[in-house]
Amino acid sequence: MNICFVTSECVPYVKTGGLADVAGALPPALCRASPDVHVKVFLPLYARIPVFDHGFVHADDLGELSARLGDEDIPYHVWYGHLPDSEVEIYLIDCPRFFHRGMLYTDHFDEARRFILLQKAAIEVMQRYAFSPDIVHANDWQTALLPAMLRHAYAWDDRFARTRSVLTIHNLAYQGLTNPHYAYEAGLPVEHALSGGNYHHDGAFSCLRAGLVEADQITTVSPTYASEIQQPHLGCGLDGVLSARRSALTGILNGVDTAHWNPGTDVHLAANYDATDLHGKTICRNALLSEFSLSAPPDVPILAVVSRLADQKGFDLLVPDLEQVLRTRDFRLIVLGSGTPWLEGYFRGLSGLFPDKVAAFIGYDEGLSHRIEAGADAFLMPSRYEPCGLNQMYSMLYGTLPVVHHTGGLADTVTDLHEYPAQGTGFSFHDARPDVMTATLHRAIDTFSQQDIWRAAMQRGMQKDFSWDRAAAAYLDVYRRALDGR
Ligand code: ADP
């Protein structure tokens, strides 16, 4: 099976969010799953990607290419390489005018045009190499026009006659709303992009809506989120089109990159450990306490947060009662995060008020995020919505019990210990209300004193299979469904 995977970001080259993790992990997992899978990944060459350090070579055989966008020919070059330790081919689309802009994503008037170039270039490079993909896999609004482009702009090319498309939604909130003129530049029927057309949404041409209408199959990053986005509450205005396409919509949980997130081998930790021997976790706990100049006897739990401090993450549920809980219960709270100024200020202030109980590091620190996952006892993730979420999975694998709001990927991964005592892996609450969050916090602190119950839950979490191999098998099923009946 030939797969063309087009993305605006990809680990280890460039990352702003979960899409990059999926792009870096899913293609190699697909290749591992089946020897007849071949994947080409297309990605913009942003200024921050050091091509030579990653072993890319200029595709001299292609020379300078150009893509026609409306009435203009845009020149670009192509660089070629492989994802580390894999067969996956990477093609970087090199167009400094479009992709050297300081940030990956901009609010410039031609934002959609930048990614139309990426999508056209991906198709035209495949044409040059006479590569007929069975599947074109698009991701988020930046590449969501591919299904429509294959159906309309490149319908003349027999090479794509048997190609089917899959669109994955990593974040429904970003929809690529733009000027209908760009539908013309992408080679699409402009009337679809105008008011009353099925690519039109919120007074604009919606790249994402075009993808939702035209893709043969649609996926998102957890089963619960797949059903939530069909409802007005979390549908971001696209619940109607998503529920109309529900028979083509599948939720597949992201995997965890266990090369980096495995307490047995993690290079960031003071000691390694696994489910059969938790001694190393105690060493990590003590190391974390001393890193933050805190102390706590073994029967006092350490609660942790590692997060973007954004409204989505639901800290407004925690804030109203947290001071009171800190005054009445004995626990430690360690926070790593950055984002909204009021939340940064709140956690800084809290550590000033409770210097013996709370420590906050405002910033981004990869190594510290690993040390916190390993050293903490429980992890707070009260997200208002969460398409998949990674930290609750890292927490379980590291023997740290997650405390979560029952939504999206959190609902699919964390089993409440009181609702299901024999299967529980953490604590979850249904109603997104501060008093319910607070009650759940108390429940977690109370349960920590029942060490046999707590340890059993830790061990169940540590044995969970969050591998990319499981996710890759599910994506292959979706690809097969897309190819059915061709
Ligand atoms: P989202 O993509 O919505 O931010 P996820 O849970 O899917 O949430 O992924 C967040 C990722 O970013 C995790 O790998 C988490 O460890 C990491 N992360 C978030 N904030 C920080 C931070 N301040 N320092 C280090 N890593 C962070």
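Excluded from the calculations below are hydrogen atoms, water molecules and symmetry mates; all remaining heavy atoms, backbone and side chain alike, are included. Remember, it's 1-based here, ligands and their atoms both numbered in the order they're listed.
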Chemist: Quick one: are the ring centres of Phe52 and Trp79 less than 6.0 Å apart?
Modeler: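 Yes, ring centres under 6.0 Å apart.
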Chemist: Backbone N or O of Tyr385 within a donor-acceptor pair of the Thr407 side chain at under 3.5 Å?
Modeler: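 Side chain of Thr407 to backbone of Tyr385: no pair is present.
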Chemist: Which protein heavy atom lies closest to atom 23 (N) of ligand 1, and at what distance to 0.1 Å?
Modeler: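 So the nearest neighbour among protein heavy atoms is Gly363 O, 2.8 Å.
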Chemist: What is the ring orientation for Phe56 with His54, classed by angle as parallel under 30°, tilted 30 to 60°, or perpendicular over 60°?
Modeler: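 Ring orientation, 0 to 90° scale: perpendicular.
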Chemist: Do Asp465 and Ser467 get their side chains close enough for a donor-acceptor pair, meaning under 3.5 Å?
Modeler: yes
Chemist: Table please: side-chain donor-acceptor pairs of residues 11-19 below 3.5 Å, with sequence neighbours left out.
Modeler:
| from | atom 1 | to | atom 2 | distance (Å) |
| --- | --- | --- | --- | --- |
| Tyr13 | OH | His82 | O | 3.4 |
| Lys15 | NZ | Asp21 | OD1 | 3.2 |
| Lys15 | NZ | Asp21 | OD2 | 2.9 |
| Thr16 | OG1 | Glu9 | OE1 | 3.2 |
| Thr16 | OG1 | Glu9 | OE2 | 2.7 |

Chemist: Would you call the rings of Trp261 and His370 parallel, tilted or perpendicular, taking 30° and 60° as the class edges?
Modeler: parallel
Chemist: Identify, for atom 10 (C) of ligand 1, the protein heavy atom at the shortest distance, and state residue, atom and that distance.
Modeler: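 The answer is Asn391 OD1, 4.0 Å.
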Chemist: Which heavy atom of the protein is the closest neighbour of atom 5 (P) of ligand 1, given with residue, atom name and distance?
Modeler: Leu390 N, 3.6 Å
Chemist: At a 4.0 Å cut-off, with the gap strictly under it, does some heavy atom of Lys313 reach an atom of ligand 1?
Modeler: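 Contact check Lys313 vs ligand 1: positive.
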Chemist: Looking only at distance, does Asp365 have an N or O less than 3.5 Å from an N or O of ligand 1?
Modeler: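 Looking only at distances, the answer is yes, because the N/O contact criterion of under 3.5 Å is met.
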Chemist: Has Tyr394 got any heavy atom lying under 4.0 angstrom from an atom of ligand 1?
Modeler: yes
Chemist: Using a strict 4.0 Å threshold on nitrogen-to-oxygen distance, state whether Asp477 and Arg480 make a salt bridge.
Modeler: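 A salt bridge links Asp477 with Arg480.
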Chemist: How long is the gap from CG on Asp377 to CZ on Arg285, to the nearest 0.5 Å?
Modeler: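 CZ of Arg285 is found 4.5 Å from CG of Asp377.
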Chemist: So is Lys15 polar-close to ligand 1, meaning N/O to N/O under 3.5 Å?
Modeler: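 No: no nitrogen or oxygen of Lys15 is under 3.5 Å from one in ligand 1.
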Chemist: Around atom 2 (O) of ligand 1, find the nearest protein heavy atom and jot down its residue, atom name and distance.
Modeler: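 Result: Gly18 N, 4.1 Å.
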Chemist: Identify the closest protein heavy atom to atom 22 (C) of ligand 1: which residue and atom is it, and at what distance?
Modeler: Tyr364 CD1, 3.4 Å
Chemist: Can you list the atoms of ligand 1 that are under 4.0 Å from a heavy atom of Met381?
Modeler: 6 (O)
Chemist: Polar-atom distance check: Ser338 versus ligand 1, any N or O pair below 3.5 Å?
Modeler: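 By distance alone, the answer is no.
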Chemist: What residue and heavy atom of the protein are closest to atom 4 (O) of ligand 1, and at what distance?
Modeler: Arg308 NE, 2.8 Å
Chemist: If you count the atoms of ligand 1 from 1 in the order shown, which ones are under 4.0 Å from a heavy atom of Gly337?
Modeler: 23 (N)
Chemist: For atom 20 (N) of ligand 1, grab the closest protein heavy atom and report residue, atom and distance to one decimal in Å.
Modeler: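 The closest one turns out to be Ser307 C, 3.5 Å.
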Chemist: As an exercise, state the distance from CZ of Phe5 to CD1 of Ile90, rounded to the nearest 0.5 Å.
Modeler: 9.5 Å
Chemist: List, one per line, each side-chain donor-acceptor pair under 3.5 Å for residues 419-433, sequence neighbours excluded.
Modeler:
| from | atom 1 | to | atom 2 | distance (Å) |
| --- | --- | --- | --- | --- |
| Thr425 | OG1 | Thr415 | N | 3.1 |
| Arg433 | NE | Asp435 | OD1 | 3.0 |
| Arg433 | NH2 | Asp435 | OD2 | 2.8 |

Chemist: Could you list the atoms of ligand 1 found under 4.0 angstrom from a heavy atom of Leu336?
Modeler: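 Numbered from 1, ligand 1 contributes 22 (C), 23 (N), 24 (N), 25 (C).
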Chemist: Counting only heavy atoms, which portion of Leu368 has something under 4.0 Å from ligand 1: side chain, backbone, both, or neither?
Modeler: neither
